[in-house]
Amino acid sequence: QVRLVESGGGLVQPGGSLRLSCTASGTISSINDMNWYRQAPGKQHELVASISRGGSANYADSLEGRFTISRDNAKNIVYLQMNGLKPEDTADYYCNAHVKRYFGGTYDYYWGQGTQVTVSS
């Protein structure tokens, strides 16, 4: 089956940086868009960034230009570079991807397990 495995989370001080990675593997024929979501304590699930197969990116307005999403199509990896981190960025971060498997003719969304980011002094 298709699996998405995330890494790169951790504890950082305000103003610091982290790069999250998510690797998709399994019986994959093609991947369209890939996305990052987050859920902060006491907050609702929100879309952080998305990127198309061709590399066109979109971001949540609240990020103020601090994050960059990118992907490596040859390796089926999506990244989220996070700079100028703030305490309000503390959350569980999840990736997902719109994936077509070898067996079927449709695309379905798959989710990673999540990685924790904590921004604190």
Side-chain angles (χ1 to χ4, degrees):
Q1 65 176 17
V2 175
R3 292 193 294 178
L4 276 63
V5 180
E6 305 172 5
S7 63
L11 173 65
V12 297
Q13 295 183 345
S17 298
L18 284 175
R19 188 175 76 158
L20 307 183
S21 300
C22 176
T23 302
S25 62
T27 56
I28 297 172
S29 177
S30 181
I31 301 177
N32 281 334
D33 59 296
M34 305 181 81
N35 311 279
W36 285 98
Y37 291 80
R38 69 184 180 186
Q39 187 167 24
K43 301 291 184 63
Q44 292 184 328
H45 193 248
E46 66 174 328
L47 175 65
V48 177
S50 62
I51 185 168
S52 72
R53 182 168 52 197
S56 297
N58 289 284
Y59 302 92
D61 291 339
S62 61
L63 299 179
E64 302 173 347
R66 297 178 295 114
F67 291 8
T68 302
I69 188 171
S70 61
R71 63 189 288 171
D72 185 333
N73 290 339
K75 298 180 179 179
N76 290 333
I77 300 174
V78 60
Y79 303 97
L80 186 67
Q81 178 67 47
M82 305 185 295
N83 300 321
L85 286 163
K86 302 177 179 180
E88 55 260 43
D89 295 318
T90 296
D92 292 325
Y93 285 73
Y94 302 88
C95 69
N96 81 343
H98 203 207
V99 178
K100 181 181 180 182
R101 301 182 68 188
Y102 291 135
F103 308 140
T106 61
Y107 285 82
D108 296 303
Y109 280 100
Y110 294 84
W111 288 88
Q113 79 286 354
T115 185
Q116 185 176 356
V117 173
T118 302
V119 184
S120 176
S121 60

When rounded to the nearest 0.5 angstrom, what distance separates [atom1] in [X] from [atom2] in [Y]?
{"X": "Asp89", "Y": "Ser120", "atom1": "CG", "atom2": "OG", "answer": "12.5 Å"}
{"X": "Tyr94", "Y": "Gln113", "atom1": "OH", "atom2": "CD", "answer": "9.0 Å"}
{"X": "Tyr107", "Y": "Ile31", "atom1": "OH", "atom2": "CD1", "answer": "9.5 Å"}
{"X": "Thr90", "Y": "Leu11", "atom1": "OG1", "atom2": "CG", "answer": "8.5 Å"}
{"X": "Met34", "Y": "Ile51", "atom1": "CE", "atom2": "CD1", "answer": "9.0 Å"}
{"X": "Arg38", "Y": "Cys95", "atom1": "CZ", "atom2": "SG", "answer": "15.5 Å"}

field: Side-chain heavy atoms of Glu6 within contact of Leu20, under 4.5 Å
entry: no
Looking at every non-hydrogen atom in both residues, tell me the closest pair between [X] and [Y] and how far apart they are.
{"X": "Ile77", "Y": "Thr23", "result": "CG1-OG1, 3.4 Å"}
{"X": "Asn35", "Y": "Ser50", "result": "OD1-CB, 2.8 Å"}
{"X": "Gln81", "Y": "Ser17", "result": "NE2-CB, 4.0 Å"}
{"X": "Leu18", "Y": "Leu85", "result": "N-CD1, 4.0 Å"}
{"X": "Ile69", "Y": "Ala57", "result": "CG2-CB, 3.6 Å"}

- request: Could you state whether Tyr79 and Val12 fall into the same hydrophobic cluster, counting links through intermediate Ile, Leu, Val, Met, Phe, Trp or Tyr residues with side-chain heavy atoms under 4.5 angstrom apart?
  value: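 The answer is no; the residues belong to distinct hydrophobic clusters.
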query: Counting only N and O atoms by type, is there a donor-acceptor contact under 3.5 Å from the side chain of Arg53 to the main-chain atoms of Asn73?
result: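 Not a single qualifying donor-acceptor pair exists.
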query: Any donor-acceptor pair under 3.5 Å linking the side chain of Thr115 with the backbone of Gly9?
result: yes
- prompt: Going by the ring-ring contact (aromatic ring centres under 6.0 Å, His included) test, which pairs reach into residues 37-70, not counting sequence neighbours?
  reply: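 Checked against ring-ring contact (aromatic ring centres under 6.0 Å, His included) - neighbours excluded - the pairs reaching residues 37-70 are Tyr37-His45, Tyr37-Trp111, His45-Trp111.
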message: Please tell me whether Arg66 and Asn83 have a donor and an acceptor in their side chains that are separated by less than 3.5 angstrom.
response: no
- prompt: Between the side chains of Tyr109 and Asp33, does any donor sit under 3.5 Å from an acceptor?
  reply: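 Yes.
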